[in-house]
J.: 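Can you keep this structure in mind? I'll have questions shortly.
Hydrogens, waters and symmetry mates play no part in the numbers below; they use all other heavy atoms, side chains included. Order of listing sets the numbers, starting from 1, for every ligand and every atom in it.
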Amino acid sequence: MNRNPKLKGQSALVTGANSGIGLAVAVALANDGANVVVNYITHPEAADAVVKQIEDNGGNAISIKADVSKEDEVQSMFQQMIAKYGSIDILVNNAGLQRDSPLEKMGLADWQLVINVNLTGQFLCAREAVKEFLRRGMIPERSCALGKIICMSSVHQVIPWAGHVNYASSKGGIEMMMKSMAQELAPKKIRVNSIGPGAIQTPINTAAWSTPEALNKLLTLIPYGRIGQPEDIGKVAVWLASDESDYLSGTTIFADGGMLLYPGFSTNG
Ligand code: NAD
């Protein structure tokens, strides 16, 4: 636990928090004082291990199983969270997946699964969080904001991605959903922002970093010269959830080692 925790007394829900980026975000929020719900859909033992890691660090956490693309499961997860921690202050909409294929071979089921989890799942969780923020009301000694929502987007809300049309479409959708929610909710003191990770070393993209050849190819896209780690995103999430970023609303913070700087042009195109 950090000595001057930025999120003391607040409660956070992180979806898809038993792996990769969500795991690191959950641990980072807890290290800064938040009570954390570790949402998962498969591998309960991995979720339990995250809870244990947080408790070993002196923090508080519980795990809750829910499929973020299912309305009833999302609503039940929020009820369980509110029963345990009293309310929610921070939602990190992180759960996501890929089902890649050339467009002409992409089945409707793979299109819908990716949109349902990556985009509709974020809507369903955001809606429940906003209902609870409004019900609970402002607690000024806890935060300047009524609530904070962080959407896990991607550099692919900007960079088109051949062979991943469903995934890139979901991330493009997140950008406009996030901005529209931010515009609607800012007058109510609810801040909605996104994080746009570049290439982060997690199970979602093992093929891109698990051999030296793949990693070297990937690094040609990253001016900063290293693949990102989940903890790089955890630090951004803590700051975006804290009052230190109180004037940010409707913004995407790209944490990508410069991937969006068009590195192909660095030697004059
Ligand atoms: P990951 O596969 O390690 O984690 C994804 C998590 O989402 C897992 O815990 C998985 O179980 C969970 N999940 C999947 N479907 C779910 C559902 N229906 N309900 C609840 N949880 C579900 O991958 P990651 O890299 O940690 O990805 C996390 C987020 O970051 C995703 O939204 C992904 O698109 C985004 N992202 C990742 C990268 C990267 O390079 N790793 C880059 C940009 C964006």
J.: Please tell me whether M81 and Y40 are part of a single hydrophobic cluster in this structure, the criterion being side-chain heavy atoms less than 4.5 Å apart.
T.: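 No, it is not one cluster - the side chains of M81 and Y40 are not joined through contacts under 4.5 Å.
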J.: Nearest protein heavy-atom contact for atom 43 (C) of ligand 1: which residue, which atom, what distance?
T.: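 The protein heavy atom lying closest is P197 O, 3.4 Å.
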J.: Judged on heavy-atom distance to atom 28 (C) of ligand 1, which of N94, V117, N93 sits nearest?
T.: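 Selected option, by shortest heavy-atom distance: N94.
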J.: Would you mind running through ligand 1 and noting each atom that sits below 4.0 Å from a heavy atom of S154?
T.: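 Result: 43 (C), 44 (C).
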J.: Is there a chain of hydrophobic side chains (I, L, V, M, F, W, Y, each step under 4.5 Å between heavy atoms) that links L91 to I82?
T.: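 In one cluster: no.
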J.: Under 4.0 Å from a heavy atom of G20: which atoms of ligand 1 are those, numbered in the order shown and with their elements?
T.: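 Result: 3 (O), 26 (O).
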J.: For S245 and R191, does a side-chain donor sit closer than 3.5 Å to a side-chain acceptor?
T.: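 A donor-acceptor contact under 3.5 Å links the two side chains.
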J.: Of all the non-hydrogen atoms in the protein, which one sits nearest to atom 1 (P) of ligand 1, and at what distance?
T.: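 Its nearest protein heavy-atom neighbour is S19 OG, 3.6 Å.
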J.: What do we get for S153 next to ligand 1 when only non-hydrogen atoms under 4.0 Å count, side chain, backbone, both or neither?
T.: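 It is the backbone that gets close, since no side chain atom is under 4.0 Å.
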J.: Which atoms from ligand 1 have a heavy atom of D67 less than 4.0 Å away?
T.: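 Close to D67: 17 (C), 18 (N), 19 (N).
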J.: As a test of the contact definition, would atom 10 (C) of ligand 1 count as having a protein heavy-atom neighbour under 4.0 Å?
T.: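 Within 4.0 Å of atom 10 (C) of ligand 1, no protein heavy atoms are found.
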J.: If you have a sec, work out which protein heavy atom is nearest atom 34 (O) of ligand 1 and how many Å separate them, to one decimal?
T.: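 Scanning the protein heavy atoms, the shortest distance from atom 34 (O) of ligand 1 goes to Y167 OH, 2.5 Å.
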J.: Can you tell me which residue and heavy atom of the protein come closest to atom 25 (O) of ligand 1, and the distance to 0.1 Å?
T.: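 The closest heavy atom on the protein side is T202 OG1, 2.5 Å.
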J.: Heavy atoms only: which of A95, C125, G96 is nearest to atom 5 (C) of ligand 1?
T.: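 Checking each option, the heavy atom nearest atom 5 (C) of ligand 1 is found in G96.
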J.: Given A199, A255, G198, identify the one with the heavy atom nearest to atom 42 (C) of ligand 1.
T.: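 Minimum heavy-atom distance to atom 42 (C) of ligand 1 goes to G198.
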J.: Identify, by atom number and element, the atoms of ligand 1 in contact range of A66, meaning under 4.0 Å from any of its heavy atoms.
T.: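 That gives atoms 19 (N), 20 (C) of ligand 1.
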J.: Check ring-ring contact (aromatic ring centres under 6.0 Å, His included) between F78 and all other residues, then give those that pass, not counting sequence neighbours.
T.: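 F78 satisfies ring-ring contact (aromatic ring centres under 6.0 Å, His included) with no residue once adjacent residues are dropped.
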J.: Give me the residue, atom name and distance of the protein heavy atom closest to atom 6 (C) of ligand 1.
T.: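 It is G16 O, 3.7 Å.
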